[in-house]
Amino acid sequence: MLISLVVPCYNEEAALPILYDALKEVRSSVPEHVFEFIFVNDGSRDKTSEVIKGFACEDPGVKYVIFSRNFGKEAAMYAGLEKAKGDYIAILDADMQDPPSLIPQMIKDLDSGEWDIVAARRVTRKGEPKIRSFFARKFYRIINRMCDVEIADGARDFRLMRKSVVDAILSVSERQRFSKGIFAWVGFRTKWIEHENVERAAGETKWSFWSLFRYAIDGIVSFTTAPLRISIYLGMGFACLGFAYLLYYFIRAIVLQIYNTVPGYPSLLSFILFIGGLILMCLGIIGEYIGKIYIESKRRPIYIASEESKDD
Ligand code: UDP
Ligand code: MG
């Protein structure tokens, strides 16, 4: 059986040799299967391309796709999955945070016929900045409450899948991909295996706080239209509040005969500011969706490859 291991790489020259050694070890520990390693260089600015081509020179089991620029991990995973020919296909990070040593067990699980996907989940976020863990947890809470599909907290992109699952993932051809959501959306029988958080072997993470924040917004916006509903509720709520406020002043003027208009200035200003802010927020939410429609409607390719290893 052929097993494809897909590795998205962005500035990973330091980590790749360590990963490659680990992958070779996996390959020799499961001699009954044939392996192909697919490295996708996502427009790295360091020597990642040279390192990958170096592997490919001496090892016919190494395939690669080189992007013309950085298209993001989602695009890199898509390209790797498209190139993969295996009966079982895995995605794993280049930095050893997805322990390759789990792969033999994952293969056994798929062999048993009981599962279509074996996916890894971190049980701890040890070694990760506290603030990042906090926001990550909140994000999963919110997205799971709003969306129809369940996205597991701590789920990584690390998973071994049958070819049929990969075909289903590739058939979801939207340009702005949020893979965690797409994996959940396509379904199939998934076995979760848990592991401790592993720190990066070398190099550094590509995620800053703001890029994660954008990723979170993208994730929510691509899987649910619930935020649009929030703006309706908010609008309704504030319209009722405004009406109640008006009623209160009428009653005060007619029943209690109090006419002091000028002192109302600060409350009026604060209301205008508040409602103005709310309207801007709702417009922003709507804008997010319209932006998505705009980008999807251009139907651009998900990535552009400048170079690829020959298929045999
Ligand atoms: N990655 C990529 N393109 C990008 C950013 C990251 O292909 O634009 C790859 C990166 O090389 C690594 C994986 O995605 O193999 C996960 O990235 P990273 O380790 O920086 O993320 P973290 O583990 O901190 O979430
Ligand atoms: Mg990492």
Audit row: His33, Asp111, side chain to side chain contact (heavy atoms under 4.5 Å, CB included) steps and yes/no: CA-CA 12 Å; His33 296 305; Asp111 278 340; 3.8 Å; yes
Evaluation steps, side chain to side chain contact (heavy atoms under 4.5 Å, CB included), between Phe274 and Leu241: CA-CA 12 Å; Phe274 190 63; Leu241 214 70; over 6 Å; no
Ring centre gap for Phe55 and Phe37 strictly below 6.0 Å: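 Phe55 vs Phe37: aromatic centres not under 6.0 Å.
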At what distance, to the nearest 0.5 angstrom, does [atom1] of [X] lie from [atom2] of [Y]?
X      : Y      : atom1 : atom2 : value
Ile182 : Lys180 : CD1   : NZ    : 12.0 Å
Phe178 : Tyr215 : CZ    : OH    : 4.5 Å
Leu278 : Phe238 : CG    : CZ    : 5.0 Å
Thr224 : Ile142 : OG1   : CD1   : 12.0 Å
Asn70  : Ser44  : CG    : OG    : 8.0 Å
Arg69  : Ser306 : CZ    : OG    : 12.0 Å

When Ile, Leu, Val, Met, Phe, Trp and Tyr are grouped by side-chain heavy atoms lying under 4.5 Å apart, directly or through other members, which residues fall in the same group as [X]?
X      : value
Tyr294 : Ile295
Leu280 : none
Ile293 : none

Evaluation steps, side chain to side chain contact (heavy atoms under 4.5 Å, CB included), between Tyr20 and Ile52: CA-CA 9 Å; Tyr20 182 51; Ile52 294 172; over 6 Å; no
Mind checking side chain to side chain donor-acceptor pair (under 3.5 Å) for [X] and listing every partner two or more places apart, or none if nothing turns up?
X      : value
Thr190 : none
Gln97  : none
Ser179 : Glu74
Tyr78  : none

Nearest heavy atoms of [X] and [Y], plus distance in Å:
X      : Y      : answer
Asp42  : Lys73  : OD2-N, 3.7 Å
Gly61  : Arg27  : CA-NH1, 4.4 Å
Gly43  : Tyr10  : O-CE1, 3.6 Å
Ile285 : Tyr289 : O-CD1, 3.2 Å
Pro227 : Ile220 : CG-CG2, 4.0 Å
Gly187 : Ile117 : O-CD1, 3.6 Å

Got a donor-acceptor contact below 3.5 angstrom from the [X] side chain to the [Y] backbone?
X      : Y      : value
Arg189 : Glu114 : yes
Ser231 : Cys282 : no
Lys85  : Leu2   : no
Thr48  : Glu12  : yes

Any side-chain heavy-atom pair from [X] and [Y] closer than 4.5 angstrom?
X      : Y      : result
Phe35  : Leu23  : no
Lys83  : Val40  : no
Ile107 : Met1   : no
Arg156 : Asp93  : yes
His195 : Arg122 : yes
Asp218 : Lys292 : yes
Ile304 : Phe71  : yes
Ile3   : Val30  : no

Salt-bridge contact Lys47-Glu13 (side-chain N to carboxylate O under 4.0 Å):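 The answer is no: the pair does not qualify as a salt bridge.
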Salt-bridge criterion met for Asp59 and Lys24 (N-O under 4.0 Å):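 Result for this pair is no, no salt bridge flagged.
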More than 12 heavy atoms from other groups under 6.0 Å of CD on Glu308: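 Yes - once you tally the heavy atoms of other residues, nucleotides and ligands closer than 6.0 Å, there are more than 12.
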Greater than 12 external heavy atoms within 6.0 Å of Arg141's CZ: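 12 or below, so no.
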Give the cluster check for [X] versus [Y]: same hydrophobic cluster or not, with ILVMFWY residues linked at side-chain heavy-atom distances below 4.5 Å.
X      : Y      : result
Phe158 : Leu16  : yes
Val7   : Leu170 : no
Ile89  : Leu19  : no
Leu92  : Met106 : yes
Val166 : Val34  : no

Partner set under ring pair (Phe, Tyr, Trp, His ring centres under 6.0 Å) for Phe139, not counting sequence neighbours: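 Scan of Phe139 (ring pair (Phe, Tyr, Trp, His ring centres under 6.0 Å), adjacent residues dropped) gives none.
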All ring pair (Phe, Tyr, Trp, His ring centres under 6.0 Å) counterparts of Phe183, not counting sequence neighbours: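 By the ring pair (Phe, Tyr, Trp, His ring centres under 6.0 Å) rule, Phe183 matches no residue at all.
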Side chain to side chain donor-acceptor pair (under 3.5 Å) contacts in which one or both residues fall within residues 161-178, not counting sequence neighbours: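 Checked against side chain to side chain donor-acceptor pair (under 3.5 Å) - neighbours excluded - the pairs reaching residues 161-178 are Asp116-Arg162.
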Any residue meeting side chain to side chain contact (heavy atoms under 4.5 Å, CB included) with Phe213, in chain and number order, not counting sequence neighbours: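 Phe213: side chain to side chain contact (heavy atoms under 4.5 Å, CB included) contacts with Trp210, Ile217.
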Salt bridge (charged side-chain N to carboxylate O under 4.0 Å, His left out) involving Lys108 - partner list, sequence neighbours excluded: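 So Lys108 forms no salt bridge (charged side-chain N to carboxylate O under 4.0 Å, His left out) with any residue.
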Residues Asn41 and Ser49: side-chain donor-acceptor under 3.5 angstrom: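 Looking only at side-chain atoms, Ser49 and Asn41 do form a donor-acceptor pair, the distance falling under 3.5 Å.
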From CA spacing to verdict: side chain to side chain contact (heavy atoms under 4.5 Å, CB included), Trp185, Val172: CA-CA 10 Å; Trp185 187 86; Val172 179; 3.9 Å; yes
